Number of protein chains: 2
Amino acid sequence: MGRSSRVQAGENRARIVQVASDLFRARGIEAVGIADVMKAAGMTQGGFYKHFASKDALAAEACALAFASAAETWRDVARTAAAEGRDGAAAIADHYASVRPPSRTCPMIAFAADAARRGSGDPVQRAFREGVQTLFETFADAVQGDPTPEAGEPLRSRFAAMVGSNLLVRSVQQEAWASRAAPPAS
Amino acid sequence: MGRSSRVQAGENRARIVQVASDLFRARGIEAVGIADVMKAAGMTQGGFYKHFASKDALAAEACALAFASAAETWRDVARTAAAEGRDGAAAIADHYASVRPPSRTCPMIAFAADAARRGSGDPVQRAFREGVQTLFETFADAVQGDPTPEAGEPLRSRFAAMVGSNLLVRSVQQEAWASRAAPPAS
DNA sequence: TGTACATCAGTGAACGCGCGTTCACTGATGTAC
DNA sequence: TGTACATCAGTGAACGCGCGTTCACTGATGTAC
């Protein structure tokens, strides 16, 4: 096999990021090797450095993609709920509490420990910070169309409670920590 | 240097667990090596396996110690608050939100990702689950003496919000995510 | 209480392994004329 | 449109390195008499 076309190379690069995003979410950045990622993308590990300067550079892009993917799902959930007259933020919260496969673990939970241990200039830290901001804004936008804004409970607290509950459910692995019944929605 | 006395050996073992607990909380289990732990405990790495069957076995004990240490601090905080007529649970929440050195990172946050990725039979997972239970009970005990139990907000939600807020503050590294002003208390 | 011996906590070097990264090479793709 | 050459995406093996773990050894501690 010789050189791929530029279009193919671009597709290969995108697939590496996509596959890495899923693997890092499921198993953590440290626990996944370059060889694992490249194999899952259908290539050999030698070609990795034709696309990325380092594993950290890939991690930053994969982290950003995970947040972008989650935000898009949230928007869909809120839009569907709004179309049915339900509260978008409550729909997001319900969706968020539902069980998902490891590759769809909330990126805030999957990458929090890594982000916390990296300096503020680190590219992964930056992707994490921007990703949290995006998710919070998506959540806030969904609540603004709500005709019954529950006064008194600041939005950030609701958001934090949602995240904290999910963290405890996933890590303790007992449903007792779920804040509400998980719907079968994906 | 030859053999240590049984008393000294016991002290050495306890010091290894204590030092590992701090290092694992600060940097994560994977990022800390046996050699790091032993060096911090004032010994060489060869002696490690005279005390523990594996790194995982140490991790489980270190995790349990971190939770026990946190729970003891919470009890002190609640006791002091109660003696001054303040609400114990609120005092714990204030303390919890305060900035601490990395070695005093909340064990729920430091070990959550690891615990979530381990099976339910794993010793670290077990230590984590029991530790969360202990912290929650400590929190609940502190609130029971509260003459003004805020009705409507379940205790688990308050607890989850506290944890989620802390997770976001530490990982995003921006104080905007703090649920309340952090007091200088240690 | 002393003495001779067995035990075993701790040392320091080595082992195998998997990791991130590098590199010489290949051959299809892209470019210049 | 064809042809000759340069480019470079991908291959597969190798490189150092640090990790968890093992091991032969040491000598103070603990034990038996």
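Note that the coordinates shown come from a computational prediction; the quantities given were computed from them, not determined experimentally.
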- line: In Watson-Crick or G-U wobble terms, with both distances under 3.5 Å, the base opposite D/dC25 is C/dG10

message: Rounded to whole Å, how long is the line connecting atom NZ of A/Lys39 with atom P of D/dT11?
response: 14 Å

field: Identified pairing partner of C/dG2, criterion: Watson-Crick or G-U wobble below 3.5 Å
entry: D/dC33

task: With the side chain of B/Arg3 defined as its heavy atoms from C-beta on, choose the nearest nucleotide among D/dG20, C/dA9, D/dT7.
output: C/dA9

- prompt: Once you round it to whole Å, what is the distance between P of D/dT7 and CD of A/Gln8?
  reply: 21 Å

query: Has B/Arg6 got a side-chain N or O lying under 4.0 Å from the OP1 or OP2 atom of D/dT31?
result: yes

message: What is the distance, to the nearest angstrom, from the CD1 atom on B/Ile16 to the C1' atom on C/dA9?
response: 10 Å

query: Starting at CZ of A/Phe48 and ending at P of C/dT22, how long is that distance when rounded to a whole Å?
result: 11 Å

statement: By nearest-heavy-atom nucleotide on DNA chain D, the more 5' of A/Met38 and B/Glu30 is A/Met38

task: Measure from CZ on A/Arg27 to P on C/dC19 and round the result to the nearest Å.
output: 10 Å

- prompt: Across all strands, who's sitting opposite C/dC15 as a Watson-Crick or G-U wobble pair, both distances under 3.5 Å?
  reply: D/dG20

- prompt: With a non-hydrogen cut-off below 4.0 angstrom, is B/Lys55 in contact with a base, only sugar-phosphate, or nothing?
  reply: sugar-phosphate

- prompt: How long is the line joining CE of B/Met43 and P of C/dA9, in whole Å?
  reply: 10 Å

message: On the nucleotide C/dG10, are OP1 or OP2 found under 4.0 Å from the side-chain N or O atoms that B/Ser4 carries?
response: yes

- prompt: Counting N and O atoms only, with roles assigned by atom type, does the side chain of B/Ser21 sit under 3.5 Å from a partner on the main chain of B/Ala62, one being a donor and the other an acceptor?
  reply: yes

Test log, rule side chain to side chain contact (heavy atoms under 4.5 Å, CB included), inputs B/Val17 and B/Phe52: CA-CA 10 Å; B/Val17 178; B/Phe52 305 93; 3.6 Å; yes

Atom-to-atom span, CD1 of B/Ile34 to P of D/dG18 - whole angstrom: 17 Å

query: When we call it a touch if two heavy atoms are under 4.0 Å apart, what does B/Val32 touch: a base, just sugar-phosphate, or nothing?
result: sugar-phosphate

query: Taking 4.0 angstrom as the limit, do B/Asp76 and B/Arg79 come out as a salt bridge?
result: yes

message: Just to be sure I understand the rule, does A/Gly46 reach a base, reach only the sugar-phosphate, or reach nothing, if contact means heavy atoms closer than 4.0 Å?
response: base

- prompt: Are A/Glu61 and A/Arg13 within salt-bridge range, i.e. N to O under 4.0 Å?
  reply: yes

- prompt: Does B/Arg156 make a cation-pi contact with B/Phe136, if we ask for NZ or CZ under 6.0 Å from the ring centre and within 45° of the axis?
  reply: yes

- prompt: B/Asp56 CG to D/dG20 P: how many Å, rounded?
  reply: 11 Å

task: Among the candidates C/dG30, D/dT29, C/dG10, find the nucleotide nearest to the side-chain atoms of B/Lys50.
output: C/dG10

field: Of B/Gly42 and B/Gln45, the one whose closest DNA chain C nucleotide lies more 5'
entry: B/Gly42

- request: Specify the residue among B/Ser54 and A/Gly47 whose closest nucleotide of DNA chain D lies further upstream toward the 5′ end.
  value: A/Gly47

